[in-house]
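Only one structure is covered here, and it is reproduced in the block below.
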Amino acid sequence: MTETQVTEQEQIRQRREKLTALREETIAFPTDFRRDTLAAEILAAYESKTKEELEAEPIRVKLGGRVMTRRIMGKASFCHIQDMTGQIQLYVARDNLPEGVYNDQFKKWDIADIVGAEGVLFKTQVGELSVKVDNIRLLTKALRPLPEKFHGIADQEIKYRQRYLDLIMSQESRQTFLMRSKIIAYIRQFLIERQFLEVETPMMHVIPGGASARPFITHHNTLDMDMYLRIAPELYLKRLVVGGFERVFEVNRNFRNEGLSTRHNPEFTMLEFYQAYAEYDELMDLTEDMLRGIATDLCGTTTIVYQEHTYDFEKPFERISIFDSILKYNPDLTAENISTREAAAEVAKKLRLPIKDSYGLGKIQVEIFDATVEHHLINPTFITAYPVEVSPLARRNDKDPHVTDRFEFFIGGREIANGFNELNDPEDQAERFQRQVEDKEAGDHEAMHYDADYIVALEHGLPPTAGEGIGIDRLVMLFTNSPSIRDVLLFPHLRPKA
RNA sequence: GGGUCGUUAGCUCAGUCGGUAGAGCACCGCACUUUUAAUGCGAUGGUCGCGCGUUCGAAUCGCGCACGACCCA
């Protein structure tokens with residue numbers, strides 16, 4: 001006996017013994033079983049049939065699934081099996097099966113085992129559509145028991161670390177990830193219909209760019225150089241627009257070396273898309289259409305409930321500049337209070353915000369916004385006209401050179417999207433990168449690098465373009481009423497198990 | 001980084017004032033051919049998160065650590 005077998009719990013040991021016996025008499029893990037239908041398909045098609053109709057015209061089915069419950073009553077049993085669509089009840093009686101199968105096989109199987117069964121549909125005394133089984137096989141022996149059937153898994157840690165158990169046990173959790181898949185598929189279709197081309201750009205960057213964030217560092221052995229996991233695909237996608245792919249998008253992972261929280265995971269999924277010959281207000285329209293479409297087509301309603309709030313996706317979303325939003329939510333402030341660096345710094349000081357000497361007016365305005373406005377943005381809201389200082393890749397506004405043609409989108413006090421007219425002036429971009437390098441040298445770890453190759457691309461000519469990024473995880477949280485980003489990530493990052 | 005709560009059987013949870021570790025589900029045995037949290041009877045199963053301390057004696061009290069959840073920055 002090995003070390004593990006000695007310490008193994010009794011229940012696992014018993015199952016392992018059954019597997020050993022199984023190996024001796026047959027192929028323990030057969031692969032030749034084929035099913036011809038699924039639990040939910042059967043329920044959808046025959047639920048409405050009466051007991052008599054099912055008896056008059058017997059319907060044969062072959063199903064595979066995991067045994068979730070078992071009620072053994074001597075020579076007959078009921079059990080529910082679960083496949084990817086849901087559960088259906090099997091009626092397994094000794095006299096309906098080939099000689100010996102019931103006593104020598106079926107009764108020795110356990111909850112969690114995976115079986116293949118065939119038989120005819122019937123209605124039980126209380127009217128549950130079930131399968132009267134006349135042939136059943138064990139397909140996969142499960143060596144470990146399932147969590148308690150009634151309460152399921154209460155420990156969040158187990159739900160995250162052993163997601164497969166959560167998926168087996170929780171219909172709600174399966175629903176969330178089904179919805180996630182549908183949302184992403186919807187977005188793909190939505191963009192492809194509008195002539196966007198889906199592309200894949202590098203995950204490993206020599207210069208991390210496209211966002212303000214600390215990157216993960218990795219190392220390429222052959223080239224003997226450090227590389228960075230991407231923090232955003234932006235600069236590559238815009239290179240593609242230079243190349244003539246005038247509408248592109250990518251849905252994929254970004255990596256940011258930051259803390260973990262209910263809203264942050266080190267790797268998260270971002271949609272970025274770029275449309276030449278468009279401006280940012282058109283992307284706001286497109287974003288509204290997309291979100292309204294997800295609500296209508298996938299949720300079946302424009303009224304979205306998230307935690308304690310209800311959102312109406314029917315109405316047009318509010319659009320307000322960051323400057324005006326500060327005044328709106330700080331009635332004691334006037335335009336003068338946030339129009340000069342000196343006055344704004346005074347306001348920030350009263351709010352006890354940490355303001356560094358290197359911060360200009362724009363950065364201070366954004367700090368005030370983050371502290372006093374962001375959490376108020378419960379209803380879907382576009383905040384526009386972000387300062388140039390915090391928007392190193394966005395095009396300067398023609399009328400007000402202090403701000404950019406940019407917006408961010410908020411729901412429930414959370415940032416969901418960020419879009420702007422792309423800065424396609426290579427000389428302006430070079431100056432902005434230079435400014436970022438100065439910030440980095442001054443100690444700002446999140447400041448951008450100077451990407452000379454990207455400047456060369458811009459020098460070849462980026463057509464007038466608007467682009468946007470949407471945080472998919474946060475979007476899925478919204479549409480699945482999930483309080484934590486971990487609830488919408490199949491395998492969220494946790495601290496290593498002790 | 002700070003605060004609050006939690007960690008006891010495979011799972012869900014009790015555990016009184018510090019005095020031999022409890023229940024339900026699961027599992028095992030017996031009975032049971034329309035059950036569905038099946039039922040009835042019986043049995044098995046424990047490094048009480050880890051470490052140190054207080055004490056005649058610690059799941060219980062104290063300190064530290066680990067992990068998790070929530071809130072705050």
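Only a predicted model underlies this, so the values are computations on that prediction, with no experimental measurement involved. Naming: A, B, ... by sequence-line order, numbering from 1 per chain.
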Report task. May I ask you to say what A/Arg486 touches in the nucleic acid, namely base, sugar-phosphate or nothing, with a heavy-atom cut-off under 4.0 Å? Result -> sugar-phosphate
Report task. Can you spot which of A/Arg486, A/His264, A/Glu267 makes a side-chain hydrogen bond (donor to acceptor under 3.5 Å, both in side chains) with A/His493? Result -> A/Glu267
Report task. Assign A/Lys18 to base, sugar-phosphate, or nothing according to its heavy-atom contacts below 4.0 angstrom with the strands shown. Result -> sugar-phosphate
Query raised in the report: Is there a Watson-Crick or G-U wobble partner for B/G40 with both distances under 3.5 Å, and which nucleotide is it?
Result: B/C30
Report task. Have a look at A/Tyr160 and say if it touches a base, only the backbone sugar-phosphate, or nothing, with a 4.0 Å heavy-atom cut-off. Result -> sugar-phosphate
Requested in this report: Find the distance A/Gln156:CD to B/G68:P and express it as a whole number of Å.
Outcome: 12 Å
Report task. Could you check how far CZ of A/Arg161 sits from C1' of B/C11, rounded to whole Å? Result -> 18 Å
Requested in this report: Look through every strand shown and name the nucleotide pairing with B/G6 as Watson-Crick or G-U wobble, where both distances are under 3.5 Å.
Outcome: B/C67
Requested in this report: Could you state the atom-to-atom distance from CD1 of A/Ile88 to P of B/U36 in whole Å?
Outcome: 18 Å
Query raised in the report: When we call it a touch if two heavy atoms are under 4.0 Å apart, what does A/Leu146 touch: a base, just sugar-phosphate, or nothing?
Result: nothing
Query raised in the report: Checking all strands, does A/Thr262 fall into the base, sugar-phosphate, or nothing category for heavy-atom contacts under 4.0 angstrom?
Result: sugar-phosphate
Report task. Name the nucleic acid region contacted by A/Gln11, choosing base, sugar-phosphate or nothing; use a 4.0 angstrom heavy-atom cut-off, strictly under. Result -> base
Requested in this report: Without swapping roles, check the side chain of A/Lys49 against the backbone of A/Leu54 for a donor-acceptor pair under 3.5 Å.
Outcome: no
Report summary line: Atom NE2 of A/His151 and atom C1' of B/A23 are separated, to the nearest Å, by 12 Å
